[in-house]
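Just so it is clear: chains get the letters A, B, ... in the order the sequence lines come, proteins before strands, and each one is counted from 1.
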Amino acid sequence: MIKLYNTMTRRKEIFKPREGNKIKMFVCGPTVYDHSHIGHARTYISFDVIVRYLKYSGFTVFYLQNITDLDDKILKRAEEIGSSPLELARRYEEKYLQDMKVLGVENVNFYARATEHIPEIINQIKILVKKGFAYETDKGVYFDEAKFKEFGKLSNRNLEELNVHRIGPDTSKRNPGDFALWKKRKIESEELEMVWDSPWGTGRPGWHIEDTAITDTYFGPQYDIHGGGLDLIFPHHEAEIAQMEAASGKNPMVKYWMHTGFLNVKGEKMSKSLGNFITINDLLQEYSPDVFRFFVLSTHYRSPIDFSQEILHQSQQGLQRIYKLIETINELLDENTAISMENDQEYIYKLSEVRKEFFEAMDNDFNTPSAFSTIFDIIREVNRDINDSNISKNALTKLKALIIEFGIVLGFDFSLKNENEQELQEDLIELLKDVRSKLREKKEWDLSDEIRSRLKELDIVLEDKST
RNA sequence: GCCAAGGUAGCUUAGAGGCGAAGCGGUGGACUGCAGAUCCAUUACACGGGAGUUCAAAUCUCUCCCUUGGCUCCA
């Protein structure tokens with residue numbers, strides 16, 4: 001039984017899809033005008049694991065994500081660098097998809113581009129106008145917040161509050177907080193790209209409408225999970241609720257709202273002006289994707305997470321512990337080591353307990369830190385028994401399988417398969433190791449140490465066994 | 001000002017009324033020709049301050065202090 005925290009009710013709820021075991025899930029995708037940063041990575045890795053676990057738990061998940069490829073930021077950026085907006089958008093979309101692939105985010109079933117859903121967007125706006133929730137001005141078409149009584153229910157705000165702190169409100173709007181559904185083209189300044197014809201003249205959609213048009217297209221007016229970063233709660237998700245529920249007359253649009261916490265850099269929000277903006281590219285120069293994934297999953301998805309070199313290093317060390325154990329097990333299974341079978345039955349039972357704890361942690365709002373905690377608990381125990389030669393090969397095999405299984409759920413490959421391209425390199429290392437062991441037989445320590453230290457310069461670490 | 005999320009051992013994080021955690025790091029030891037990994041011990045009678053509820057509070061209530069974020073685009 002999975003419990004998840006619903007931002008709408010501000011509490012954990014028992015998860016039950018609207019229909020059977022089918023889940024319709026939508027997560028807000030990026031605006032493709034620049035490289036994706038590690039904050040994006042945090043969010044999408046979190047949802048990747050959530051989807052992995054939902055699937056693992058027997059649900060069928062359709063995971064939909066939008067790509068915002070029409071937006072003021074894209075136009076601005078395109079102008080700056082003298083590129084076509086659409087080309088720019090496609091370029092960064094491709095980059096985003098590459099980044100996600102490298103990070104092991106691979107569960108999105110469909111990426112829906114905003115520009116490919118213009119008719120659906122126009123149609124939704126038409127409905128809102130017809131039902132009296134939207135009105136046209138000479139600047140565009142706006143959603144009338146005052147008409148939607150429940151506006152603010154997700155972010156826990158009311159209209160008075162929302163209207164207080166807006167400086168210099170646009171007087172052509174009925175309420176200061178009314179947001180654009182359709183922006184009319186400003187004749188002089190704008191390019192001809194990224195404008196479309198509509199009943200309200202040429203122009204382009206507002207920010208919020210693409211998501212509801214897309215979800216309505218593929219899911220209908222009601223679906224199970226909507227996710228995104230914490231910063232999207234207001235105004236973006238609030239606006240989505242207003243649009244969709246007003247248009248369809250059905251409530252609620254979404255059964256469960258899930259939001260990921262921020263990634264900060266040294267306690268501060270990441271921003272270009274502070275100079276602490278780190279792209280996924282930058283990150284991968286120094287750390288492998290799985291170290292970053294481990295770093296992300298070491299904190300609960302809703303908590304803020306602080307990024308620094310030191311913490312990444314800690315993550316690297318922690319993750320190594322898991323890989324080391326698998327490596328040790330592989331060696332033990334390969335060798336003709338005599339290991340005791342005494343507590344075999346006890347182990348089988350123990351492993352089933354570990355599995356249970358792992359799933360309890362994940363069931364509890366996808367508590368990955370707690371899940372890792374159970375993994376480390378068993379690792380410590382097993383290491384002790386390996387040291388004491390008090391474990392059977394059967395138990396080791398089962399343990400290895402279990403950890404690999406956990407890895408699949410969390411998005412790691414703990415199986416350490418030999419890649420073809422690595423084979424030669426590995427053979428060469430074997431050769432050096434052989435030579436070195438002969439030197440060691442002859443107690444040629446200087447030379448054997450030199451081999452070890454020079455391999456270390458190449459990031460290849462040899463660890464001698466005590467025999 | 002309003003709304004949110006937080007303050008748990010040196011660092012990073014779980015937990016959410018009673019049996020007190022995990023990782024990283026430090027120190028000492030076992031094992032090693034050395035190093036590393038691993039194990040053991042220790043750092044560690046940890047839960048921001050103060051009141052209250054309770055047989056029992058990191059956990060609930062109140063209050064105060066501090067941090068971060070949102071209220072304009074943002075994952």
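The P atoms of B/rA4 and B/rA9 are separated by 27 Å, rounded to the nearest whole Å. Look at the P atom in both B/rC62 and B/rA5: the space between them is 14 Å, to the nearest Å. Atom name P, nucleotides B/rG15 and B/rA21: the rounded distance is 16 Å, in whole Å. For the C1' atom pair drawn from B/rA22 and B/rA46, the interatomic distance equals 14 Å after rounding to whole Å. Across B/rU13 and B/rG7, the matching P atoms stand 10 Å from one another, rounded to whole Å.
Nearer to the 5' terminus of RNA chain B, by closest-nucleotide assignment, is the contact made by A/Asp446 (compared with the other of A/His208 and A/Asp446).
Residue A/Asp231 contributes atom CG, which lies 14 Å from atom C1' of B/rU68 at whole-angstrom precision. The distance between atom CG of A/Asp306 and atom C1' of B/rA5, rounded to the nearest whole Å, is 14 Å. Look at CG on A/Leu297: it is 19 Å from P on B/rU12, rounded to the nearest Å. Remark: C1' of B/rU38 and NZ of A/Lys324 are 10 Å apart, rounded to the nearest angstrom. The CD-P distance, from A/Gln316 to B/rA37, rounds to 13 Å in whole Å. Regarding A/Glu360, its CD atom lies at a distance of 15 Å from the C1' atom of B/rA14, rounded to whole Å. Summarising the geometry, the separation between CD on A/Glu327 and P on B/rU38 is reported as 11 Å, rounded to the nearest angstrom. A straight line from CD1 of A/Ile391 to C1' of B/rU38 spans 14 Å, rounded to a whole angstrom.
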Each nucleotide of nucleotides 22-28 of chain B classed B (base within 4.0 Å of a protein heavy atom), S (only sugar-phosphate) or -, in 5' to 3' order, makes SBBS---
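Both geometric conditions, a ring-centre gap below 5.5 Å and a plane tilt below 30°, are fulfilled for A/Trp445 over the base of B/rG33.
Checked against the 6.0 Å centroid threshold, A/Tyr256 and A/Phe15 count as a close aromatic pair. Ring pair A/Phe359/A/Tyr56: centre-to-centre distance below 6.0 Å. You'll find the ring centres of A/Tyr96 and A/Tyr44 inside the 6.0 Å limit.
Contact between A/Val409 and A/Val49 at its shortest, heavy atoms only, is O-CG1, 4.2 Å.
Under 4.0 angstrom from either OP1 or OP2 of B/rU13 there lies no side-chain N or O belonging to A/Thr368. Under 4.0 angstrom from either OP1 or OP2 of B/rA14 there lies no side-chain N or O belonging to A/Asn367. Between A/Asn264 and B/rG69 there is no side-chain N or O to OP1 or OP2 distance below 4.0 Å.
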Can you check side chain to side chain contact (heavy atoms under 4.5 Å, CB included) on A/Leu325 and A/Ile386, steps first, answer last?
-> CA-CA 10 Å; A/Leu325 177 71; A/Ile386 289 175; 4.2 Å; yes
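Between A/Lys350 and A/Glu381 there is a salt bridge, since a side-chain N of the basic residue sits under 4.0 Å from a carboxylate O of the acidic one. Between A/Asp144 and A/Lys173 no salt bridge is recorded (no basic side-chain N to carboxylate O distance below 4.0 Å).
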Once Watson-Crick and G-U wobble pairs under 3.5 Å are found, how is RNA chain B written in dot-bracket notation, 5' to 3', with | for any base paired to another strand?
-> (((((((..((((....[..))))((((((.......))))))....(((((..]....))))))))))))....
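On a pure distance criterion of 3.5 Å, no polar donor-acceptor pair joins the side chain of A/Asn364 and the base of B/rG15. With hydrogens and angles left out, the side chain of A/Ser370 and the base of B/rA14 share no donor-acceptor pair within 3.5 Å. Remark: the A/Arg452 side chain and the B/rG36 base include no donor-acceptor N/O pair separated by less than 3.5 Å.
Using a 4.0 Å heavy-atom distance criterion, A/His236 is classed as making no nucleic acid contact.
Between A/Phe292 and A/Phe295, the ring-plane angle classifies as tilted under the 30° and 60° cut-offs. Note: A/Phe143 and A/Phe179 have parallel aromatic rings, judged against thresholds of 30 and 60 degrees for the angle between ring planes. Using bins of under 30°, 30° to 60° and over 60° for the plane-to-plane angle, the ring pair A/Tyr323/A/Phe414 lands in the perpendicular bin. Relative orientation of the A/Phe148 and A/Phe151 rings is perpendicular, given thresholds of 30° and 60° on the angle between their planes.
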